[in-house]
Amino acid sequence: MGYNCVVLVKQVPDTKRITGDVMNDDGTVKRSALPAIFNPEDLNALELALQIKDKYGGHITVITMGLPAAGAILRDSLYRGADEAILMTDRRCAASDTLATSYILSCAVKKTDYDIVLCGRQAIDGDTAQVGPQLAEKLGVTQITYIEELTELDGKTITVRRNIGNGWQKVKAELPVLLTVVGDANNPRVAAARKMMKNKNALTPIEVEQKIKAQNPDAEPADIKELAEHKCGQLADKGLLIKQWDLDTVEADLSWCGQSGSPTKVHRIQSVVLAAKESKEIEPTEKGLSDMIHELISDKIIA
Ligand code: FAD
């Protein structure tokens, strides 16, 4: 029968490369100083959607809310096998906290026809893991978090295995559902050469305009607009125009978006260095190691 999957993906700064040089004095990160990458667990979410499509058929739509540069991860999604990509971009989204982000994403997802919504468990920059669950609430669908395996899809019923830290739990639910996917769920496939050749020139309208501006620095805004419209028309004819939505397209209530929709207030950012308060010497003998392991088990540090 086939399943319509919507995958939410986020472009993030590569936080593995954070050094003192990329930090601002106020404790925030200079985002432009770090390479922008596909949020790692969103690649696992996309891979799970691709596996569903491989096995059962269906359609995969990828959505990102972000700056125009996030077009790069949409192209990457098309190279890996997504059918359709949508950039949700609007200056009025700026300063959105997770509540506003999930509201805006919910408005976008509601414009699609979906059976399964897939998110990464967590983004490596904001790091809250809140967006998936908040989005499920706003869509009014069942959420299953920490998915490490899709066990079965049978008609309108999905069975999955979720990681619960010290073990796993098998959960059955009726579609539609929202899944948040962990990094151990799968090994994301790489881009397919043929899909890459097909989609390498795919652009969003805002990227088209930026490109034309760069090529014609002295052109009048009206001329740029005309040239951009013409180019977008050509791309659309070839199926290479990536959809771009704003808050009006998704009929969002502006009071729920950006700063006005964000109750989170950051008062102070503090750099916390964790230091061990106590240390313990272990005899380098079998008994010493065995005692340590038993102590860690009884303290529930390891299972
Ligand atoms: P998580 O909850 O950890 O993400 C879980 C999953 O949700 C991801 O794996 C992905 O599948 C999905 N997801 C998350 N975000 C997106 C997205 N944007 N598009 C598609 N899917 C997504 N950030 C800015 O960029 N600009 C700002 O001006 C800004 N202002 C902020 C102001 C405040 C007061 C606060 C608290 C945060 C602000 N942020 C801003 C950060 C922003 O709120 C978070 O980055 C965003 O809400 C996602 O939260 P997260 O990164 O913790 O994602």
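Source: prediction; values computed, not measured. Indexing begins at 1, ligand by ligand and atom by atom, following the structure's order.
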Looking only at non-hydrogen atoms, which of A129, P13, P133 approaches atom 1 (P) of ligand 1 most closely? A129
Among all the protein's non-hydrogen atoms, which is closest to [atom], and how far away is it?
atom: atom 37 (C) of ligand 1; result: S96 O, 3.8 Å
atom: atom 20 (C) of ligand 1; result: V9 O, 3.0 Å
atom: atom 15 (N) of ligand 1; result: K10 CD, 3.4 Å
atom: atom 4 (O) of ligand 1; result: A123 N, 3.5 Å
atom: atom 19 (N) of ligand 1; result: M65 N, 3.1 Å
atom: atom 47 (O) of ligand 1; result: T101 OG1, 2.8 Å
atom: atom 27 (C) of ligand 1; result: A95 N, 3.3 Å
atom: atom 52 (O) of ligand 1; result: T128 OG1, 2.5 Å

At a non-hydrogen distance cut-off of under 4.0 Å, which region of [X] contacts ligand 1 (side chain, backbone, both, or neither)?
X: T180; result: neither
X: S102; result: neither
X: D97; result: both
X: L8; result: both

State the atoms of ligand 1, each with its element, that fall below the 4.0 Å cut-off from a heavy-atom position in [X].
X: C119; value: 11 (O)
X: N39; value: 9 (O)
X: D125; value: 51 (O)
X: D42; value: 8 (C), 9 (O), 10 (C), 11 (O)
X: A94; value: 28 (O)

Say whether Q130 and ligand 1 are in contact under the criterion: heavy-atom distance to a ligand atom below 4.0 Å. yes
Does ligand 1 have an atom under 4.0 Å from some heavy atom of S262? no
Give a yes or no on whether the backbone of [Y] and the side-chain of [X] come within a donor-acceptor separation of less than 3.5 Å.
X: E174; Y: T157; value: no
X: S102; Y: Q134; value: no
X: Y114; Y: V177; value: no
X: D42; Y: K10; value: yes

Short side-chain donor-acceptor distance under 3.5 Å, [Y] and [X]:
X: E148; Y: N163; value: yes
X: Q11; Y: N39; value: no
X: T204; Y: E207; value: yes

Would [X] count as being in polar contact with ligand 1, using the rule that some N or O on each side must be under 3.5 angstrom apart?
X: K265; answer: no
X: L105; answer: no
X: G120; answer: yes
X: R121; answer: no
X: T264; answer: no
X: L118; answer: no
X: V131; answer: yes
X: R31; answer: no

Right, does atom 25 (O) of ligand 1 have protein non-hydrogen atoms nearer than 4.0 Å? no
Atom 22 (C) of ligand 1 touched by protein heavy atom at under 4.0 Å: yes
Residues which pass side chain to side chain contact (heavy atoms under 4.5 Å, CB included) with Q143, listed by chain and number, not counting sequence neighbours: P133, A136, E137, T145
Is the shortest side-chain heavy-atom distance between V117 and L139 below 4.5 Å? yes
